[in-house]
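Naming: A, B, ... by sequence-line order, numbering from 1 per chain.
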Amino acid sequence: APAAGAGPADRPRRALATPATRRLARELGVDINQVPGTGPAGRVTSDDVRAFAARRTAPAPA
Amino acid sequence: MGSIKTGTDVVVIGAGPGGYVAAQRASQLGLDVTLIEREELGGTCLNHGCIPSKALISVGDLLYKVNNAAERGLVVKGSVEVDFAKTQEWKETKVIKRLTSGVASLMKAGQVEVVKGTARFTDPHSLEVELNDGGTAAYTFKHAIIATGSTAVNPSFFPLDGENVVDARGALAFREIPPRFVVVGGGYIGVELGIAYAKLGSKVTIVEATGQLLPGTDPDLVNVLMRRLRRLGVTVMLNARASGGLQNGKVKVQDGEGKVHEIEADKVLVSVGRVPYTEGLHLDKAGVRVDEKGFIPVDEQMRTNVPHIYAIGDVCSPVMLAHKASAQGRVAAEAIAGRPSAADWQTVPAVIFTDPEIAYVGLTEAQAREKGYDPVVSRYNFAAVGRALTMGESDGMVKLVGDRQSGLLLGAQMVGPEVSELIGEIALAIEMGAQMEDVALTPHYHPTLSEGILEAALSWMHSIEKAGRK
Amino acid sequence: MGSIKTGTDVVVIGAGPGGYVAAQRASQLGLDVTLIEREELGGTCLNHGCIPSKALISVGDLLYKVNNAAERGLVVKGSVEVDFAKTQEWKETKVIKRLTSGVASLMKAGQVEVVKGTARFTDPHSLEVELNDGGTAAYTFKHAIIATGSTAVNPSFFPLDGENVVDARGALAFREIPPRFVVVGGGYIGVELGIAYAKLGSKVTIVEATGQLLPGTDPDLVNVLMRRLRRLGVTVMLNARASGGLQNGKVKVQDGEGKVHEIEADKVLVSVGRVPYTEGLHLDKAGVRVDEKGFIPVDEQMRTNVPHIYAIGDVCSPVMLAHKASAQGRVAAEAIAGRPSAADWQTVPAVIFTDPEIAYVGLTEAQAREKGYDPVVSRYNFAAVGRALTMGESDGMVKLVGDRQSGLLLGAQMVGPEVSELIGEIALAIEMGAQMEDVALTPHYHPTLSEGILEAALSWMHSIEKAGRK
Ligand SMILES: Cc1cc2nc3c(=O)[nH]c(=O)nc-3n(C[C@H](O)[C@H](O)[C@H](O)COP(=O)(O)OP(=O)(O)OC[C@H]3O[C@@H](n4cnc5c(N)ncnc54)[C@H](O)[C@@H]3O)c2cc1C
Ligand SMILES: Cc1cc2nc3c(=O)[nH]c(=O)nc-3n(C[C@H](O)[C@H](O)[C@H](O)COP(=O)(O)OP(=O)(O)OC[C@H]3O[C@@H](n4cnc5c(N)ncnc54)[C@H](O)[C@@H]3O)c2cc1C
């Protein structure tokens with residue numbers, strides 16, 4: 001129990017998101033810190049991540 | 001011998017909570033794993049750290065509780081004696097041995113090859129093991145995970161003698177309860193063991209160089225502990241320096257004013273820190289870099305500067321905690337298996353098994369302010385928590401830190417009964433990005449200690465409501 | 001007298017955990033509140049229920065633990081005796097009294113007018129109080145909150161005699177530990193008190209009419225409890241019916257095969273259920289409807305059929321739990337103050353303070369299937385949890401229920417040490433809509449009992465991964 005508390009990810013501008021959502025972002029190759037959050041207190045939801053990934057990979061309209 | 005090289009997907013060096021968990025996870029993911037350990041499976045944690053310390057603490061606790069239950073109508077006619085040989089035997093066979101054989105079964109089930117010996121790198125893709133049974137063996141590997149842990153500092157100002165001046169490992173293995181026990185270093189290891197032996201019957205003195213026990217811990221929490229230490233008869237010397245070892249049964253301690261005291265002692269525990277352990281590993285042969293303090297720097301996937309070599313646990317950062325090692329072990333194994341895992345948790349909870357227990361996670365008020373939040377703190381005392389009163393354990397409090405604007409729960413600092421378990425709820429809340437309201441509106445069973453959290457969250461909400469949030 | 005009517009914004013009838021919390025919250029929100037209680041502040045819960053039962057349980061627990069710690073090296077030379085008068089005095093003065101005076105201070109701080117007496121409605125906007133000190137007082141109110149709670153069933157087949165055949169309130173107030181104690185009814189109240197007295201020295205028999213103790217509880221949990229009861233020497237008779245009261249120191253019990261046994265008993269606790277209590281309230285004069293079982297139906301804001309009259313706690317639904325009453329009290333107070341609060345929580349955790357403890361929340365596997373989920377269950381035994389071994393408390397397990405498709409954590413069933421506190425994490429997880437992964441990826445301190453939850457969540461993830469989620 002020494003100097004914990006300050007976790008490795010206590011870094012500035014860390015997106016607010018649950019562990020499962022973070023993992024989803026990594027799975028989809030999305031930098032979660034770029035995803036705008038629509039949840040409470042600006043939380044990034046899994047839908048936000050999916051939408052972001054879809055926008056990114058959506059083929060440009062022909 | 002030593003010339004036949006066995007190939008393996010993953011070699012894990014060190015079988016502590018970092019290494020054995022990494023080995024297990026890698027094997028679950030279909031990798032071929034070799035785990036090298038020169039002592040017992042389970043590492044420091046299971047054999048000489050977390051587990052044996054908590055075993056002694058819980059025995060001391062029970063003894064102390066029953067000897068202080070007269071008010072509750074439990075009267076000791078005669079006495080409750082400690083048969084310490086029995087305690088130690090129980091600790092070894094019914095606690096440690098069960099867990100380490102559990103680890104052995106896990107390794108077997110996962111078809112992890114366990115090699116007993118000391119590993120050293122020979123080049124970036126191979127290593128050699130000096131086998132405990134004699135001889136050497138050589139391995140080539142696609143990936144390596146370094147999990148060699150840490151070791152107690154042996155300070156020149158108070159050198160260990162392995163007999164009466166010992167590190168925590170030695171103190172956990174005492175054959176008898178030392179009548180007079182001096183602890184040099186008031187960090188969590190020293191304080192936990194100091195209290196355990198005090199409850200078991202030792203006259204204990206804790207010598208701490210700084211102005212506070214448990215440096216780095218919220219002073220509000222430590223104050224509650226200090227009151228209990230007084231009741232336990234533990235002497236605490238702050239701003240004090242012990243030096244020169246145990247001489248004629250005495251320890252020299254210089255206090256803050258420069259006055260020198262001689263404290264009688266049968267045994268001395270020196271616990272002044274732990275350092276990463278990579279001795280004899282020949283990291284240079286693998287090309288793995290260490291920093292100026294000896295830690296192996298890693299990225300979010302636990303990769304060292306050599307991309308196919310990972311490091312986890314105590315060896316890679318000064319947050320030396322078993323669960324951090326295990327979580328990192330899972331990340332490293334998954335990364336090797338090609339998964340997008342990362343050590344990106346927000347918080348690592350801290351617990352100290354003192355009496356009362358201390359636990360904290362996330363940000364303190366000061367840390368929150370530094371990070372640009374507008375922190376509001378609420379507290380709730382266990383003296384007003386029904387369950388605490390029914391247990392006869394009403395010292396302590398819950399402090400919750402929340403951000404005024406967003407309502408986010410940023411951190412908790414607690415001291416009191418079972419806060420080691422209560423912290424789990426808050427750690428999850430923080431990882432989930434919970435707002436204070438989420439905690440305040442979640443039903444908490446009555447009567448439980450976790451109502452302390454509920455009440456602190458409710459009072460946080462109500463204070464914001466009074467002050468006006470927007 | 002009785003003709004001068006005092007007007008008030010909110011009148012609360014009954015000062016249990018429903019009523020006093022509602023009164024406090026209403027006053028915080030700026031309302032003028034009158035609280036009417038004919039007995040002590042704190043209601044059943046603080047005076048004759050949750051709190052005193054847990055006080056006796058914890059004393060019995062400590063005694064049992066120390067008498068069974070020889071393996072851990074604690075040897076009782078002589079004996080640990082129970083001075084039960086002392087225990088009761090402690091329970092009354094240091095536990096109950098402290099909490100009830102805490103409630104009194106809260107009421108004072110909130111300027112709640114506390115009236116000691118029995119209330120009855122005279123019309124939809126006024127009531128009369130038969131004062132404990134004599135005389136009556138009359139009140140008109142804008143809003144009323146009915147929080148009159150529940151009362152123990154006094155069954156005709158085994159009538160209470162208030163002396164040797166008692167309800168829980170009576171059993172909590174025994175002046176001596178009954179040498180032979182029979183419990184009629186194996187619900188949580190009976191089993192908790194049965195175990196408490198067994199540990200304190202009674203020879204205990206529990207008679208339950210159905211085929212399982214704690215009807216409605218996951219049998220996996222009850223099985224663990226049954227083993228412990230055997231070790232405690234508690235006799236459990238299932239499918240058995242006691243009747244006819246205590247005759248010549250004997251209780252007649254007919255077993256499942258129709259055979260009649262005579263069980264010797266000094267005291268008998270009859271705990272066969274509780275019913276809503278509205279006697280003498282004259283609900284009809286206020287126009288408040290009750291259902292066929294006597295409960296007052298309410299909407300999500302705790303409104304009865306009369307929109308300005310609310311009902312909370314035991315009187316309004318068969319889930320008779322103190323924290324539910326308190327949470328509903330907050331909702332009612334906030335609704336009266338015009339806030340959009342609602343009793344819309346997903347889960348109310350259940351805890352049973354047996355040995356080992358039982359706790360559950362959310363859905364069981366069967367319930368999840370019924371609701372159309374595809375449930376996957378994982379379990380983890382406390383025998384593999386380091387902290388449990390260090391406490392010498394390794395019986396029990398954690399069961400987690402999750403939905404295969406969505407990964408949602410749906411419920412948990414636990415039996416083991418301190419699960420009363422562990423359930424807080426899961427209750428929050430469910431309220432937050434957490435996935436199993438969220439729990440599995442949140443660092444849990446080592447060594448803690450909550451690692452049982454972590455390991456169950458991890459093994460859930462890994463089993464899904466093997467089976468393939470999509
Ligand atoms: C008294 C005490 C109490 C503690 N209490 C707690 C607590 O309550 N909670 C908590 O989280 N942490 C606690 N810790 C810290 C915890 O023990 C460590 O954080 C944890 O053990 C680190 O795990 P690890 O896997 O990184 O290394 P270790 O557990 O140190 O394991 C490293 C292993 O590597 C082996 N090894 C090293 N070099 C080689 C080599 N070249 N070849 C083969 N094998 C090698 C060692 O023999 C050792 O078994 C405590 C520590 C102490 C000393
Ligand atoms: C032995 C036992 C153990 C229990 N353990 C637990 C537990 O561990 N956890 C848990 O959640 N629940 C437990 N319960 C249940 C818990 O006590 C109730 O759910 C809770 O007390 C309900 O609160 P309430 O405010 O609805 O009513 P009560 O607490 O019953 O309060 C109602 C109050 O109204 C007063 N009253 C009634 N009519 C009038 C009137 N006309 N005028 C004035 N005053 C009136 C009564 O005197 C009483 O004080 C236990 C119960 C028992 C009996």
K.L.:
Under a 4.5 Å heavy-atom cut-off, does chain A meet the side chain of E334(B), its backbone, both or neither?
P.N.:
side chain
K.L.:
Which bit of S341(B) comes within less than 4.5 Å of chain A, counting heavy atoms only: side chain, backbone, both or neither?
P.N.:
both
K.L.:
What pair of heavy atoms forms the shortest contact from A434(B) to R43(A), and how long is it?
P.N.:
CA-NH2, 4.1 Å
K.L.:
About how many Å separate CD of Q346(B) and OG1 of T18(A), when rounded to the nearest 0.5 Å?
P.N.:
11.5 Å
K.L.:
Measure distances from A25(A) to the heavy atoms of chain B and classify the residue's part below 4.5 Å as side chain, backbone, both or neither.
P.N.:
neither
K.L.:
How long is the straight-line distance from CD1 of I430(B) back to CG of L16(A), given to the nearest 0.5 Å?
P.N.:
11.0 Å
K.L.:
Determine, for E300(B) against R26(A), whether the closest basic-nitrogen to carboxylate-oxygen distance falls under 4.0 angstrom.
P.N.:
no
K.L.:
Would you say that R23(A) contacts R339(B) through its side chain, given a criterion of any heavy-atom pair below 4.5 Å between the two side chains?
P.N.:
yes
K.L.:
If you compare all heavy atoms of A41(A) against all heavy atoms of S406(B), which two are closest, and at what distance to 0.1 Å?
P.N.:
CB-O, 3.9 Å
K.L.:
Between chain A and each of A342(B), G216(B), A322(B), G187(B), count heavy-atom pairs under 4.5 Å; write down the option with the most.
P.N.:
A342(B)
